[in-house]
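Accompanying notes for the structure given below.
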Amino acid sequence: TGASSNGILLVRPTFGMKLSDLDDVDGNTTTFDDTEEILIKKTDGTYRHISKDRFLNVLNNTQYLEDTYSYGILIDGQNSSPILTRIGNLELHKILPIQSNMKGCLLLDDGTVNYYLKSNDWKKKADGSASNLTGADGQVMVEIPEYYVKYKTLGYPKYEVRISDRQLGGYIFKPKRYISAYKASLQRSNLKLSSVINNDADFRGGNNNAAYDGTSKTFLGRPVTQVNLTNFRTYARNRGNGTRWNCMTYDLRKSLYWLFVIEYANLNSQAAVVGLNSVTGFREGGLGNGMTTANGTEWNTFNGYYPFVPCGASNSLANGSGEVSYVATDFGGTGVNRTFTIPRYRGIESPFGDIWEWTDGILIDIKTDASGGTSKLYTTADAAKFSSSSFADYIYRGLLPRTEGYIKNILFGEDGDILPNNVVGGGSTTYYCDNFWRNITANEIKGVIFSGAAHDGSAAGLVSASTNAAPSSTNTAYGSRLCFV
């Protein structure tokens with residue numbers, strides 16, 4: 001909207017009303033009654049007009065359309081409870097038209113779906129015939145359908161997040177994208193990042209140590225680690241198709257988080273698994289502790305903090321959400337087994353915990369206290385601009401805390417950012433329930449890893465984040481995912 005120099009109000013066509021519904025006005029606007037009418041200027045330079053009363057009805061109708069075709073959550077940052085208020089169409093909260101269309105598939109390198117997997121049995125294709133998850137038929141991915149999202153700040157720290165399967169005013173379009181069902185593997189012979197269930201030596205995980213083959217410590221069938229962000233990006237793009245293949249991206253991490261939060265109306269991804277409330281028809285609870293309860297000393301003794309859970313260990317849940325048990329043989333010592341739970345969200349295994357996930361499209365510019373004392377967040381959703389050393393083509397999003405701790409509030413902003421701006425007063429079961437780590441001892445560009453590791457306990461979660469590592473850093477517990485955007 002805007003006002004012309006002679007005081008006549010010009011407005012863009014309002015959603016829910018066609019220009020053809022309005023009356024023509026000639027180019028001479030001096031006959032226009034600006035006390036009773038609103039003038040709409042068309043792109044061809046001609047005008048149409050609408051009474052102010054009718055225009056207000058249209059605005060009210062716009063709110064009606066949003067409440068009819070969107071669903072989301074209200075976050076009141078002054079309330080410490082992670083349980084949120086559902087807003088929008090409550091029937092859509094039961095149907096979940098966007099989340100319920102997330103589904104497992106086999107994706108070819110050219111970005112086409114080879115076939116979809118059966119919704120309740122990934123051993124089969126959607127048509128009932130046998131599937132092949134070894135990589136021979138493509139990468140095992142979860143398709144996230146296209147949708148629209150709106151992030152709205154109502155007054156710090158109070159926010160709304162709404163999503164819709166149709167375009168509404170002020171909503172951001174999210175195209176169809178794919179995220180690996182598992183933490184990423186690496187095909188050693190061609191250095192292609194993968195999402196498969198394959199116990200061949202060519203897909204040996206961790207740091208490719210063959211000494212553990214045939215033992216309970218084996219890296220066969222496990223995710224790859226000891227790879228830095230730059231190489232994860234390179235290995236993903238070795239699949240071809242320009243910049244469409246990537247390791248985990250920040251934009252997808254945000255989407256995954258807000259889809260979960262809206263579905264469960266809960267900021268605590270580690271809340272106990274409850275599932276569907278048969279009375280309300282809403283999802284409740286969370287995804288459980290996840291792979292976060294390992295004893296750190298035992299894990300180090302077992303295999304030096306490398307991955308120990310095979311890809312696909314939660315496949316019994318197929319496209320579903322929840323948790324399954326996994327027994328790690330000899331994890332506590334010879335003959336001492338440990339049982340863990342593996343979370344799954346809409347077909348995505350271990351969206352938090354197990355190992356950290358290098359995430360692209362996000363950089364932090366760290367300045368020591370002596371050099372100004374700032375930690376600036378920069379992001380981009382444009383994969384062609386991803387970098388490990390420069391944020392020149394990134395967008396500045398805000399300042400991060402200089403201290404560590406449980407997240408009390410997030411930057412949010414116009415893009416729904418999930419990094420914190422306050423970690424004072426947070427807790428493992430209050431506010432955002434996940435922890436934030438930082439290293440501010442040197443002036444340098446840092447990357448961001450998300451999810452927490454197997455020994456991080458309640459500090460882990462969907463928005464658990466660390467800015468400790470430079471993009472060139474490697475670690476036994478640093479992995480990533482494969483994405484197609």
request  = Determine, step by step, whether N246 and R237 satisfy the side chain to side chain donor-acceptor pair (under 3.5 Å) criterion, reporting the C-alpha distance in whole Å, the side-chain angles of both residues, the deciding distance to 0.1 Å, and the verdict.
outcome  = CA-CA 6 Å; N246 291 276; R237 293 182 178 178; 2.8 Å; yes

inquiry  = Can you tell me how far apart CE (M102) and CD (E263) are? Round to the nearest 0.5 Å.
reply    =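 Those atoms lie 8.5 Å apart.
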
task = With rounding to the nearest 0.5 Å, note down the distance linking CG in L317 to OH in Y345.
result =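 So the CG of L317 and the OH of Y345 are separated by 14.0 Å.
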
If I compare all heavy atoms of [X] with all of [Y], which pair ends up nearest, and what's the gap?
X: Y264; Y: G285; result: CD2-O, 3.5 Å
X: Y182; Y: V196; result: CD1-O, 3.8 Å
X: V273; Y: G288; result: CG2-N, 3.7 Å
X: L106; Y: N132; result: CD1-O, 3.8 Å
X: A313; Y: I342; result: CB-CD1, 3.3 Å
X: Y235; Y: V227; result: CE1-CG1, 3.8 Å

Closer than 4.0 angstrom, basic N to acidic O: yes or no for [X] and [Y]?
X: R397; Y: D415; result: yes
X: E349; Y: R344; result: yes
X: K150; Y: E160; result: no

Do the side chains of [Y] and [X] get nearer than 4.5 Å, heavy atoms only?
X: N300; Y: H455; value: no
X: I364; Y: K376; value: no
X: P351; Y: F260; value: no
X: Y406; Y: S428; value: yes
X: R402; Y: D369; value: yes
X: F412; Y: D417; value: no
X: L107; Y: W245; value: yes
X: P223; Y: I355; value: yes

message = Using the ring centroid of each side chain, check whether Y378 and Y394 are separated by less than 6.0 Å.
response =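 Not under 6.0 Å, so no.
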
ask   = Centroid-to-centroid, Y326 to F340, below 6.0 Å?
value =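 No - the distance between ring centres of Y326 and F340 does not fall below the 6.0 Å cut-off.
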
Can you tell me if [X] uses its side chain to pair, donor with acceptor, with the backbone of [Y] under 3.5 Å?
X: N277; Y: F282; result: no
X: S180; Y: S194; result: no
X: D200; Y: D202; result: no
X: S70; Y: E66; result: yes
X: S350; Y: G353; result: no
X: Q78; Y: K158; result: no
X: T225; Y: G479; result: no
X: Q99; Y: L259; result: yes
X: D434; Y: V463; result: yes
X: T230; Y: S388; result: no

Within 6.0 angstrom of Y147 OH, more than 12 heavy atoms from elsewhere =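 Atom OH in Y147 is crowded, with more than 12 foreign heavy atoms closer than 6.0 Å.
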
ask   = So with a 6.0 Å cut-off around NZ of K123, is the heavy-atom count from everything else above 12?
value =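 No.
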
key: side chain to side chain donor-acceptor pair (under 3.5 Å) evaluation trace for Y178 with Q139   = CA-CA 10 Å; Y178 299 84; Q139 305 307 301; over 6 Å; no

Without hydrogens or angle criteria, can the side chains of [X] and [Y] be said to hold a donor-acceptor pair below 3.5 Å?
X: Y159; Y: N409; answer: yes
X: D382; Y: T380; answer: no
X: S195; Y: R481; answer: no
X: R346; Y: N319; answer: no
X: S255; Y: R177; answer: yes

key: Plane angle bin for W299 and F308 - parallel if under 30°, tilted between 30 and 60°, otherwise perpendicular   =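 F308 and W299: perpendicular rings.
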
ask   = Do the rings of Y148 and F173 sit parallel, tilted or perpendicular, given the 30° and 60° boundaries?
value =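 Correct class here is tilted.
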
key: R338 NZ/CZ over F331 ring centroid, <6.0 Å and within 45° of normal   =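 The answer is no, since R338 fails at least one limit relative to F331.
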
task = Assess R222 against Y306: is NZ or CZ under 6.0 Å from the centre of the six-membered ring, and within 45 degrees of the ring's axis?
result =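 So R222 doesn't make the cation-pi contact.
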
